[in-house]
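Labels below follow one simple rule: chain letters A, B, ... track the order of the sequence lines, proteins then strands, and each chain is numbered from 1. Just so we're clear, the structure is a prediction, and the values are computed from it rather than from any experiment.
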Amino acid sequence: MSKTTAFQQRVYDAVSQIPAGKVTTYKALADSINCGSAQAVGQALKRNPNAPEVPCHRVINSQLNIGGYLGETQGASLEKKRQLLAEEGVEFDVGGRLIDGSRVALP
DNA sequence: AGGGTGACTGCTA
DNA sequence: GTAGCAGCCACCC
């Protein structure tokens with residue numbers, strides 16, 4: 001068993017609450033868990049012990065830009081994340097930017 | 001126990 | 001529009 005902390009549990013819970021076809025920003029997520037730092041949220045997702053259980057691919061940054069996936073900031077993993085989002089109806093451009101900002105589910 | 005890092009954000013040049 | 005700097009919280013070595 002991984003040593004998941006309460007903070008990470010909150011992050012995973014909040015992320016798993018994101019409906020399909022929608023995405024959320026690290027800032028909104030951090031605010032949702034009452035955390036003043038989105039970087040801490042990213043840290044939890046980067047070290048996420050349950051990647052397939054948590055739709056971490058539905059989390060993007062404030063600039064509507066894709067963050068990363070399974071610790072890969074660049075590479076094929078990013079393309080896979082983009083593909084997953086495209087399957088849910090969220091389309092991204094070649095630069096990894098969200099095309100339809102309305103897909104962002106703000107709390 | 002301490003320091004450095006990071007899937008971030010916001011402002012300024 | 002891009003580029004650089006500082007601030008923030010939690011985790012890892």
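In this structure, of B:dA7, C:dC9, B:dC8, it is C:dC9 that holds the atom nearest to the side chain of A:Ser37. Taking every side-chain heavy atom of A:Ala40 into account, C:dA10 is the closest of C:dA10, B:dG6, B:dT9. Ranking C:dT2, B:dA7, C:dC12 by closeness to the A:Thr73 side chain, first place goes to B:dA7.
Taking the side chain to side chain contact (heavy atoms under 4.5 Å, CB included) definition, one finds that A:Pro107 meets it with A:Ala28, A:Ser32, sequence neighbours left out.
Taking atom NZ of A:Lys81 as the reference point, atom C1' of B:dA7 lies 7 Å away to the nearest angstrom. Rounded to an integer number of Å, the gap from CD of A:Gln39 to C1' of C:dG7 is 10 Å. The distance between atom CD of A:Gln43 and atom C1' of C:dC8, rounded to the nearest whole Å, is 13 Å. Atom OH of A:Tyr69 and atom C1' of B:dG6 are 19 Å apart (whole Å). One interatomic measurement links the two molecules: CG of A:Asn65 to P of B:dC8, which rounds to 9 Å at whole-angstrom precision. One atom, CG of A:Asn61, and another, P of B:dG6, lie 17 Å apart when rounded to the nearest Å. C:dC12 atom P lies 13 Å from atom CG of A:Leu45, rounded to whole Å. For A:Gln63 and C:dA3, the CD to P distance is 12 Å, given to the nearest whole Å.
The CG atom of A:Asn61 sits 7.0 Å away from the OH atom of A:Tyr26 when rounded to the nearest 0.5 Å.
Note on A:Leu70: a base of the nucleic acid sits closer than 4.0 angstrom, heavy atoms only.
Scanning both residues, A:Asn48 and A:Tyr12, for their nearest heavy atoms gives CA-OH, 3.3 Å. Nearest heavy atoms, A:Lys3 versus A:Gln8: O-OE1, 4.5 Å.
Toward the 5′ end of DNA chain C lies the nearest nucleotide of A:Gly36, the other residue of the pair A:Arg47 and A:Gly36 mapping further downstream.
Listed for the A:Asp93 side chain is a donor-acceptor partner under 3.5 Å among the backbone atoms of A:Gly96.
In this structure the side chain of A:Val104 reaches within 4.5 angstrom of the side chain of A:Ile60, judged on heavy atoms. Looking at heavy atoms from C-beta onward, A:Val90 lies in side-chain contact with A:Leu98 at the 4.5 angstrom threshold.
Residues from residues 7-29 of chain A lying near DNA chain C, meaning a heavy-atom separation below 4.0 Å, are A:Phe7, A:Gln8 in numerical order.
Residue A:Ser62 places no side-chain N or O under 4.0 Å from the OP1 or OP2 atom of B:dC8.
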